[in-house]
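Please read through the structure below; I'll follow up with questions.
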There are 2 protein chains.
Amino acid sequence: MDDRDTRKRLLEGATELMTARSYQAVGVQAICDRAGVRKGSFYHFFSSKQALTLAAIDALWQWFRDRVLEPALAADRPPLERIERLFESIAEVQAARRSPEGGVAGCPFGNLALEMSTQDEAIRARLETVFAETEARLAATLAEARDTGALPGLDPAAAARALFAYIEGAVMLAKIHDDPTLIRELGRTARFALLGREGSPEAPAA
Amino acid sequence: MDDRDTRKRLLEGATELMTARSYQAVGVQAICDRAGVRKGSFYHFFSSKQALTLAAIDALWQWFRDRVLEPALAADRPPLERIERLFESIAEVQAARRSPEGGVAGCPFGNLALEMSTQDEAIRARLETVFAETEARLAATLAEARDTGALPGLDPAAAARALFAYIEGAVMLAKIHDDPTLIRELGRTARFALLGREGSPEAPAA
DNA sequence: CTGGCGGTTGACCGGTCGGTCTACTACCCT
DNA sequence: AGGGTAGTAGACCGACCGGTCAACCGCCAG
């Protein structure tokens with residue numbers, strides 16, 4: 001049927017399932033079914049559900065970094081436009097992943113973080129490093145914005161943390177309102193927020 | 001032992017347990033144990049775990065509105081200071097609720113939203129109205145800020161949505177880094193973000 | 001031809017899940 | 001005094017949970 005190796009099928013299926021539902025809502029059996037594999041094989045490759053999850057986090061982070069984060073922040077435009085492009089890319093991913101049942105899935109890392117970080121220290125710690133790396137990447141772009149004069153006097157690390165919080169919040173709102181376009185709209189508002197009054201949303205004519 | 005009525009004990013215990021762990025990690029049995037009650041009583045008051053959860057959302061929202069949101073946004077200070085005070089209040093609540101095992105619990109509504117909104121439409125819808133009411137309250141304060149000249153030309157609804165996303169993101173970061181003080185720090189950065197360059201974090205002397 | 005071994009199978013484990021049911025108690029209304 | 005009813009108790013349900021295990025298969029190296 002599907003001749004990617006079993007390990008990869010397990011990893012990808014688990015990622016899809018957990019993103020669409022949640023960690024605890026997806027059983028080992030369901031992951032095996034999706035991969036067309038018996039439970040014994042699961043435990044041949046992974047010592048536990050937690051171990052598979054840690055591996056899935058690593059694989060997904062690699063994908064996100066290489067296929068979403070880096071392309072959006074690529075240096076072919078001014079720094080602040082790259083950040084706006086990142087919101088657009090995330091909105092596209094969320095719109096594409098949207099399923100008839102369940103709607104907008106949200107950020108897999110954020111979902112897992114809120115669900116599991118008080119219950120599973122290993123998962124929490126892994127997600128913390130993913131978040132830190134993302135923040136660092138954002139900080140680099142913001143530093144460039146400062147150095148090219150777009151955001152004079154900015155502390156890139158503090159601003160990156162704030163921007164990252166804002167992005168996760170935006171994806172959360174998209175999930176709860178089941179509307180991926182919110183992310184793009186909030187990206188435009190961020191332009192205002194980060195940049196000061198430029199690009200500020202106009203008050204409706206009244 | 002505890003002569004508040006059973007229904008209230010069930011509600012409050014469930015809220016505490018679910019906030020500290022997660023919806024799916026807390027069983028009906030655990031909720032009954034915490035309330036010192038047998039399962040039969042649980043199902044006398046609530047038709048299902050979902051029904052109890054909906055009631056708990058309502059009760060918690062009422063508490064949060066009356067004891068955190070309204071006091072923080074009370075009109076005894078200029079609008080923008082009230083918003084900074086809101087970050088501080090939330091940071092305090094998170095610090096107080098922090099438990100040895102598990103650490104910062106995060107926003108109960110946000111936690112539940114990310115965990116359950118693709119799996120339980122009734123819960124999603126209830127949380128959506130809570131989020132909308134919170135946004136509306138923020139919008140009122142931001143409108144006042146605009147009208148008093150602190151944020152001229154602002155669209156309060158759009159800005160409130162952005163601010164709300166930012167707050168939820170800040171609480172998420174506090175949870176994943178297990179550090180409630182992050183919320184206060186991000187509140188100060190928000191001052192910068194919302195207000196333009198004023199209060200902007202200084203670049204470290206270099 | 002014969003081991004060894006990566007990979008797979010499917011039955012099986014104790015425990016917990018959300019939820020049901022019947023019986024019983026305690027109190028209020030008449 | 002009698003009857004209804006709100007509340008409680010506790011045994012019970014089938015389904016599923018994460019995880020284990022012994023047996024087996026086919027391939028490749030010796």
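Residue numbers begin at 1 in each chain, while the letters A, B, ... track the order of the sequences.
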TODO: Determine, for B:E128 against B:R124, whether the closest basic-nitrogen to carboxylate-oxygen distance falls under 4.0 angstrom.
DONE: yes

TODO: Using a strict cut-off of less than 4.0 Å between a Lys/Arg side-chain nitrogen and an Asp/Glu carboxylate oxygen, indicate whether A:E84 and A:R188 qualify as a salt bridge.
DONE: no

Task: Side chain B:K39 and base D:dG10 donor-acceptor under 3.5 Å - done: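 No pair found.
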
Open item on the list: Does this structure show an ion pair linking A:R161 with B:E185, if we count only N-O contacts that are shorter than 4.0 Å?
Closed with: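 Looking at B:E185 together with A:R161, the answer is no, because their closest N to O distance does not fall below 4.0 Å.
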
- [ ] Verify the contact: side-chain N or O of A:R38 to OP1 or OP2 of C:dT8, cut-off strictly under 4.0 Å; return yes or no.
- [x]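 No.
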
- [ ] Would you classify B:F45 as touching base, sugar-phosphate or nothing, given that sugar-phosphate means primed atoms plus P, OP1 and OP2, and contacts are heavy atoms under 4.0 Å?
- [x]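 Touches sugar-phosphate only.
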
Task: Residues B:E16 and B:R34 bridged, charged N to O under 4.0 Å - done: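 So B:E16 pairs with B:R34 through a salt bridge.
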
- [ ] Run the ring-centre check on A:F131 versus A:F164 and record whether the distance is less than 6.0 Å.
- [x]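 Distance test on ring centres: under 6.0 Å, yes.
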
Task: Phosphate contact (C:dG7 OP1 or OP2) by A:H44 side-chain N/O below 4.0 Å - done: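 So the side-chain polar atoms of A:H44 do come within 4.0 Å of the phosphate oxygens OP1 or OP2 of C:dG7, strictly under.
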
Open item on the list: Wobble G-U and Watson-Crick pairs count when both distances are under 3.5 Å; given that, what is the 5' to 3' dot-bracket string of DNA chain C, with | for pairing to other strands?
Closed with: ||||||||||||||||||||||||||||||

- [ ] Considering just the side-chain nitrogens and oxygens of B:T6, establish if one lies under 4.0 Å of OP1 or OP2 belonging to D:dT8.
- [x]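 Answer is yes, contact under 4.0 Å.
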
Open item on the list: On DNA chain D, compare the nucleotides closest to A:Q29 and A:G40; which residue's is nearer the 5' end?
Closed with: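 Its nearest nucleotide being more 5', the pick is A:Q29.
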
Task: Polar side-chain contact A:K49-D:dG19 base: donor and acceptor under 3.5 Å - done: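 For A:K49, whose side chain was compared with the base of D:dG19, there is no donor-acceptor pair (under 3.5 Å).
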
